[in-house]
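So the structure is just underneath, and the comments pick up after that.
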Amino acid sequence: MGYYIARTFEKQDIQTLREQVEAALKQEGFGILTEIDIQATMKKKLDKDYKPYLILGACNPVFADKVLQAEPNIGALLPCNVTIRETDSNEMEVAVMDPAAAMMAVKNHSIESLANEVKQKLERALASL
């Protein structure tokens, strides 16, 4: 089973694509809690060059509340990560974590349906780009 779902696009400015991703996620009830710029971080910490690469921590508060009520330690798997990066083939890729795959490790059947609902929302956001 895969742990992410992805789409590729023609090369474009990463900040423009980020704005589109954020708008698509917002339509599904997600906000962005965190952002990690891998390109800048690796240059600063390792003096290593990376292609543009962002990790966004997306959260849907309604579903986060439900899953935290059912499984308090689930915070170790939150928020839902979304990556935007330039690939080696000079395309842009947007990938979202598969919450259903991530939650399989938890062994709490009461959160399976919630994970599947979040997965559907992330898939719709990705498809709308």
Side-chain angles (χ1 to χ4, degrees):
M1 171 181 278
Y3 60 93
Y4 69 96
I5 306 146
R7 281 191 65 196
T8 56
F9 304 89
E10 288 184 16
K11 187 174 177 180
Q12 59 185 284
D13 175 69
I14 195 165
Q15 290 303 325
T16 301
L17 185 54
R18 181 197 190 282
E19 290 170 12
Q20 295 169 359
V21 168
E22 193 167 349
L25 289 167
K26 187 176 182 179
Q27 288 295 315
E28 293 295 333
F30 291 88
I32 302 302
L33 299 178
T34 60
E35 177 181 332
I36 302 168
D37 183 334
I38 294 293
Q39 183 182 40
T41 300
M42 293 303 185
K43 186 64 176 175
K44 180 179 178 182
K45 301 289 184 181
L46 301 176
D47 195 28
K48 189 172 181 181
D49 293 323
Y50 267 69
K51 291 180 182 237
Y53 193 133
L54 298 175
I55 301 172
L56 306 177
C59 178
N60 181 310
V62 172
F63 282 93
D65 176 58
K66 289 178 183 180
V67 76
L68 285 164
Q69 294 301 313
E71 182 69 42
N73 290 322
I74 205 73
L77 295 174
L78 298 179
C80 295
N81 282 333
V82 177
T83 62
I84 306 168
R85 68 184 185 95
E86 184 179 324
T87 67
D88 289 337
S89 59
N90 291 321
E91 294 177 306
M92 300 302 288
E93 178 189 75
V94 177
V96 298
M97 69 174 282
D98 180 345
M103 299 303 155
M104 288 180 68
V106 177
K107 308 288 191 244
N108 181 335
H109 296 296
S110 67
I111 62 173
E112 288 176 14
S113 65
L114 295 171
N116 284 322
E117 286 182 69
V118 173
K119 178 181 179 177
Q120 289 172 0
K121 287 180 168 296
L122 291 170
E123 287 176 326
R124 280 194 301 267
L126 193 57
S128 73
L129 294 173

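- Across all their heavy atoms, K11 and M92 have their closest contact at CA-CG, 3.7 Å.
- By the criterion of side-chain heavy atoms lying less than 4.5 angstrom apart, applied directly or through intervening Ile, Leu, Val, Met, Phe, Trp or Tyr residues, F9 is grouped together with V82 in one hydrophobic cluster.
- L77 and V96 fall within the same hydrophobic cluster, where Ile, Leu, Val, Met, Phe, Trp and Tyr residues are linked whenever their side-chain heavy atoms come under 4.5 Å apart, directly or through other members.
- Nearest heavy-atom pair, L33 versus C59, reported as atom, atom and distance to 0.1 Å: CD1-CB, 3.4 Å.
- No side-chain heavy atom of N108 sits under 4.5 Å from any side-chain heavy atom of M103.
- Under a hydrophobic-cluster definition in which Ile, Leu, Val, Met, Phe, Trp and Tyr are linked whenever side-chain heavy atoms come within less than 4.5 Å, directly or via other members, V21 and I36 are assigned to different clusters.
- Looking at Q39, its side chain does come within 3.5 Å of a backbone N or O of Y50 through a donor-acceptor pair.
- Two residues are said to be in side-chain contact when any heavy atoms from C-beta on lie closer than 4.5 Å; F63 and K121 meet this criterion.
- Between F30 and V118 the shortest side-chain heavy-atom distance falls below 4.5 Å.
- Under the side-chain contact (heavy atoms from CB on, under 4.5 Å) test applied with K66, the options N60, I111, L114 reduce to a single match, L114.
- A pairwise comparison of heavy atoms in Q12 and T16 identifies OE1-CG2, 4.3 Å as the closest pair.
- Around NZ of K26, the count of heavy atoms belonging to other residues, nucleotides or ligands within 6.0 Å does not exceed 12.
- Among residues two or more places apart in sequence or in another chain, the salt bridge (charged side-chain N to carboxylate O under 4.0 Å, His left out) test is passed with E35 by R18.
- The neighbour count for E91 CD, taken as heavy atoms of other residues, nucleotides or ligands under 6.0 Å away, is above 12.
- Panel note: side chain R7, backbone L129; a donor-acceptor pair is recorded below 3.5 Å.
- Residue L122 holds its CG atom at 6.5 Å from CG of L25, rounded to the nearest 0.5 Å.
- The shortest heavy-atom contact between S110 and A70 is OG-CB, 3.8 Å.
- T34 OG1 to I55 CD1: the interatomic distance, rounded to the nearest 0.5 Å, is 8.5 Å.
- Contact of the I5 side chain with the E123 side chain is registered, since non-hydrogen atoms from C-beta on lie closer than 4.5 Å.
- Pairing each heavy atom of G57 with each of P79, the nearest pair is CA-CG, 3.6 Å.
- Atom CD1 of I38 is separated from atom OG1 of T83 by 9.5 Å, given to the nearest 0.5 angstrom.
- A donor-acceptor pair under 3.5 Å is formed between the side chain of N116 and the backbone N or O of E112.
- We find the CD1-CD distance between I84 and E86 to be 13.0 Å, quoted to the nearest 0.5 Å.
- Taking OG1 of T8 as the start and CZ of R85 as the end, the distance is 10.0 Å to the nearest 0.5 Å.
- In this structure, CD in E71 is found 12.0 Å from NZ in K107, a value given to the nearest 0.5 Å.
- Under the 4.5 Å side-chain contact rule for hydrophobic residues, L56 and Y4 do not share a cluster.
- Note on L126 and M97: separate hydrophobic clusters, where clusters join Ile, Leu, Val, Met, Phe, Trp and Tyr whose side-chain heavy atoms are under 4.5 Å apart, directly or indirectly.
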